[in-house]
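Computed over heavy atoms, backbone and side chain alike; hydrogens, waters and symmetry mates excluded.
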Amino acid sequence: SSKPPKTQAAAEPKDKKTAPAPAAEAVSLPGPSFQFSWLQLAYVGLLLLTLFTRFDHLGSKPHHHDESMHAFYSFQLFKDGDYEYNPMMHGPFQFHGNALMYYFFGVSDATSRYLAATFGVLTVVLAMLLGPFIGRTGAFLATLLIVASPSFMYFDRFCREDAYMAGATFTMIVFLFRYLKSRKPADFWIAALGFTIAFCTKESIFLTVAVVGTYLFKIGRASCRERV
């Protein structure tokens, strides 16, 4: 009778060792990238310049007559909680906002202007977001002109409604255009926040709504015609 064939495993010599598996090669992961374009570096420089020109020596200049009224009634709200709307001094936002500045940073000529300076910085940041609508060059030039503008700089250091109105209206416009392009709910709600602050700041918001509303009506009607 024939013997059964040996398996391949049995045919191999017992003293043969299994070859070790090759060591895994080290994989180099890319590190964090900190590359900036010249445009981004220019924006950083403009932002730093804005912070300096809007906040430096805010308390050195005495209050203008209009400033004194806004600062005083903001102080009354901060001290006693008393506030009554007076159309001569416009909406309630600035008084409640300035009272909040007094609460966090104390009462002084400088702190009465902190909120205006903050909105001045906000306006510059918003100008940097205009690239998708007026181009990179246009957005940079708009930002540069706002930073260097004597009028913007003056009222960004002024305890009155001007800086709040400019920043809030600009917020509404920029993010409304972003929403029309992206349809992201966040853009819509930020635009709504800008409108709310502007509405609570000065009565001229009604004129702004009329202008923006006319534009929205025209593009809405054009869109309906295209669908038909």
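Of all heavy-atom pairs spanning R157 and T53, the tightest one is NH1-O, 2.9 Å. The minimum heavy-atom distance linking L129 with P132 is given by the pair O-CD, 3.4 Å. Scanning both residues, I146 and R54, for their nearest heavy atoms gives O-NH2, 3.1 Å. The minimum heavy-atom distance linking H90 with T201 is given by the pair CB-O, 3.2 Å. Closest of all the heavy-atom pairs between F170 and L130 is CZ-CD1, 3.8 Å. Shortest non-hydrogen contact noted between A116 and A163 is O-CB, 3.6 Å.
Atom CZ of F93 has more than 12 neighbouring heavy atoms from other residues, nucleotides or ligands inside a 6.0 Å radius. More than 12 non-hydrogen atoms from other residues, nucleotides or ligands lie less than 6.0 angstrom from CZ of F133. Around atom NZ of K184, no more than 12 heavy atoms belonging to other residues, nucleotides or ligands sit under 6.0 Å away. Within a 6.0 Å sphere centred on CZ of F55, other residues, nucleotides and ligands contribute more than 12 heavy atoms.
Take T208 and apply the side chain to side chain donor-acceptor pair (under 3.5 Å) test, not counting sequence neighbours, and it matches no residue.
Taking the ring centroids of Y215 and F177, they lie under the 6.0 Å cut-off.
Contact of the L77 side chain with the Y102 side chain is not registered, since no non-hydrogen atoms from C-beta on lie closer than 4.5 Å. L216 places a side-chain heavy atom less than 4.5 Å from the side chain of L176. Using a 4.5 Å heavy-atom threshold, the side chains of D156 and V124 count as separate. Put simply, the side chain of L47 does not reach to within 4.5 Å of the side chain of Y43, judged on heavy atoms.
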- Message: Using side chain to side chain contact (heavy atoms under 4.5 Å, CB included), reason through D109 and L58 one step at a time and then give a plain yes or no.
- Response: CA-CA 7 Å; D109 289 354; L58 270 181; over 6 Å; no
- Message: Under the criterion side chain to side chain contact (heavy atoms under 4.5 Å, CB included), I'd like the reasoning laid out for F119 against T171: C-alpha separation, chi angles, the key distance, then a yes or no.
- Response: CA-CA 10 Å; F119 269 78; T171 299; over 6 Å; no
- Hey, mind stepping through H63 and H70 against side chain to side chain contact (heavy atoms under 4.5 Å, CB included) and telling me if it holds? CA-CA 10 Å; H63 272 145; H70 292 87; over 6 Å; no
- Message: If you apply the rule side chain to side chain contact (heavy atoms under 4.5 Å, CB included), what do you find for L126 with F175, and how did you get there?
- Response: CA-CA 9 Å; L126 289 168; F175 281 92; 3.7 Å; yes
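One hydrophobic cluster, built from ILVMFWY side chains closer than 4.5 Å, holds both L180 and M172. Side-chain heavy atoms closer than 4.5 Å link hydrophobic residues (I, L, V, M, F, W, Y) into clusters, and following such links, possibly through other members, connects Y164 to V125. A single hydrophobic cluster is seen to contain both V147 and F152, as judged by linkage of ILVMFWY side chains at heavy-atom distances under 4.5 Å, directly or through other members.
Note that R183 lies in the cation-pi zone of Y179, set by a 6.0 Å cut-off to the ring centre and a 45° limit from the axis.
Under the side chain to side chain contact (heavy atoms under 4.5 Å, CB included) test applied with C159, the options M101, H64, R113 reduce to a single match, R113.
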Tabulate below the donor-acceptor pairs under 3.5 Å that side-chain atoms of residues 79-87 make, not counting sequence neighbours, or state none.
| unit_1 | atom_1 | unit_2 | atom_2 | d |
| --- | --- | --- | --- | --- |
| Y85 | OH | E203 | OE2 | 2.5 |
| N86 | OD1 | M88 | N | 3.0 |

